[in-house]
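Step one of this worksheet: look at the structure below.
These figures come from a predicted structure and were not determined experimentally. Computed from heavy atoms alone, side chains included, the values below leave out hydrogens, waters and symmetry copies.
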Amino acid sequence: MSQPFRIISRSFSSSAVRQSVIKNVTIIGGGLMGAGIAQVAASTGHNVVMVDQNDEILSKSKANIAKSLQRVVKKKFAEKPQEGEAFVSDVLNRLQTNTDAVDSVKNTDLVIEAIVENLDVKKQLFAALDKAAPQSAIFASNTSSIPIKEIAVSTSRLDRFGGLHYFNPVPMMKLVEVIRIPETSDETFNSLLSFGKAMGKVTVNCKDTPGFIVNRLLVPYMMEAVRMVERGEATPQDIDTAMKLGAGYPMGPFELTDYVGLDTCKFIMDGWSQKFPDNPLFAQSPLLNKYVAEGKLGNKVGEGFYKTKK
Ligand SMILES: C[C@H](O)CC(=O)SCCNC(=O)CCNC(=O)[C@H](O)C(C)(C)COP(=O)(O)OP(=O)(O)OC[C@H]1O[C@@H](n2cnc3c(N)ncnc32)[C@H](O)[C@@H]1OP(=O)(O)O
Ligand SMILES: NC(=O)c1ccc[n+]([C@@H]2O[C@H](COP(=O)([O-])OP(=O)(O)OC[C@H]3O[C@@H](n4cnc5c(N)ncnc54)[C@H](O)[C@@H]3O)[C@@H](O)[C@H]2O)c1
C-alpha cells in the first residue's frame, strides 16, 4: 500500500507544486461510501476518524469495513496470512469513530463529507465544521450530483473547498473525480489530487458540472433502463442480462441501481429534475419513486428491484 504523501514544497521556486500534508482525515458519514472511503484512507496509512449519527450505525460501518478488509487480505496476502492479520490490525488501529462531527475536526487536515444527498443537510454540517476545523484544513464533498459551489458557500473557506467523488465499492473502484470550483486554490486542488493518488486511486479533473463526468453519463443510462420497464419494453432481468452480455458491463443497470441505493438515485433525480425541468434525461421516474416510497432502497435493506442478501 502506498504511504500518505509528504511533499511538500512550501518553497517559492516557480516549478514547485504547493500543497499541504494530509495525514489526519475525517470522514463524515459511515454509510456505503463513507465506510469505504474510511477503509481505503486508513489502509493507505492515514489516521482516520469516521463520524456518523450514532454508535449503532458506526458499529455496522466498522463491521462492514472488517468484512471488506477480509476480502482484500484474502487475495492480497493469500500466501502470507500472518502479514494479512497484521495489516488488518494496523488499519483498524488507524481508524477511530466519533458521533460528534464538530469535535472530530479539531485536528484534521482534510474533511470528506459522505452524508445523505441533501443540500440543506450538507450545508448545515459544513457551516458547523467551518467554525471548529483548523484554518488550514481542506473540506471536500463526495456528493453525486449537487454542485460543489452550492455546498461550499456555507463556509468561509471557498479556496480550501473542492469535490472528491469516489465510486462504490470504494475498495475496488480505481477512480476518484477531483472537482474544483473557481475559488479553489491551486494549493488545495494539488493537495486533493495528491491525496487521491496517495489512496491508490487514479484521478480525473472535472469542472463543477451536474454529475461531473461519470454520473452525467451513468445516471441517465440507469434511468433510461427504468423507463424501458415503465414502457413495458423489457424486464429488469432481461435488460441486465443484455447489458452484461451485450455491452460487457460488470452489472446490469438494475443490479447497479440496487447497489448504489434507490434512495440515492432518487435524491439525484429530484435535484436534477427540479433544476433542469426541460431536460428529458433528468425527468422523474414514477417506478423509481414508487419503489423508494415502499422502502425498497436496494441491497442496503435487502430489497430494491431485486431481493438480495443484506
Ligand atoms: C452514484 C455514485 O455517485 C457513483 C457510483 O458509485 S456509480 C457505481 C459505480 N460502481 C460500479 O459501476 C460497480 C460495477 N460493478 C463492478 O465493478 C463489480 O461488479 C464489482 C467490483 C462490484 C464486484 O465484482 P464481481 O466480480 O461482479 O463480484 P464479486 O465476485 O462479488 O467480487 C469479486 C471480487 O471483488 C472484490 N470485492 C467486491 N466488493 C468488495 C468490497 N466491497 N470490498 C472488498 N473487496 C470487494 C472481492 O475481492 C471479490 O472477491 P471475493 O468474492 O473473493 O471476496
Ligand atoms: N451510493 C453510491 O453509490 C454513491 C457513490 C458516490 C457518491 N455517493 C454520495 O455519497 C454520499 C453518501 O452516500 P451513501 O450511499 O454512502 O449513503 P448512505 O445512506 O449509505 O450513508 C449516509 C450516511 O450518512 C449518515 N448521516 C446522515 N446525515 C448525517 C449527519 N448530519 N452527520 C453525520 N452522518 C450523517 C447516515 O446516518 C448514513 O449512515 C451521498 O452524497 C451520495 O450521493 C454515493
Does any N or O in the side chain of [X] come within less than 3.5 Å of the main-chain N or O of [Y], such that one atom is a donor and the other an acceptor?
X      : Y      : value
Asp240 : Phe254 : yes
Lys76  : Gly84  : no
Thr203 : Leu193 : no
Lys62  : Thr97  : no
Glu233 : Glu230 : no
Trp272 : Pro210 : no
Asp52  : Ile28  : no
Asn299 : Gly302 : no
Asn54  : Ile57  : yes
Glu113 : Phe126 : no

Between [Y] and [X], is there a side-chain donor-acceptor contact under 3.5 Å, judged purely by atom types and distance?
X      : Y      : result
Ser145 : Glu117 : yes
Thr188 : Ser185 : yes
Asn24  : Thr108 : no

Salt bridge (Lys or Arg N to Asp or Glu O under 4.0 Å) for Arg216 and Glu177? Distances and angles first, verdict last. CA-CA 12 Å; Arg216 180 64 180 78; Glu177 293 174 324; over 6 Å; no

Set out, in order, the CA-CA distance, both residues' side-chain angles and the distance that settles side-chain contact (heavy atoms from CB on, under 4.5 Å) for Leu69 and Leu92, then state yes or no. CA-CA 10 Å; Leu69 280 172; Leu92 295 177; 3.9 Å; yes

Might you work through the ring pair (Phe, Tyr, Trp, His ring centres under 6.0 Å) test for Tyr221 and Tyr249, ending with a clear yes or no? CA-CA 12 Å; Tyr221 149 77; Tyr249 285 32; 5.3 Å; yes

Look at the rings of His46 and Phe195 and say which category their plane angle falls in: under 30° parallel, 30 to 60° tilted, over 60° perpendicular. perpendicular

Tell me, please, whether Phe139 has Arg157 positioned over its six-membered ring: NZ or CZ under 6.0 Å from the ring centre and within 45 degrees of its axis?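 Yes, a cation-pi geometry holds between Arg157 and Phe139.
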
Would you kindly check if the NZ (Lys) or CZ (Arg) of Lys296 is within the cone defined by 45 degrees around the ring axis of Tyr291 and under 6.0 Å from the six-membered ring centre?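 Yes, Lys296 sits over the ring of Tyr291.
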
Any ion pair linking Arg160 and Glu183 (charged N to carboxylate O, less than 4.0 Å)? no

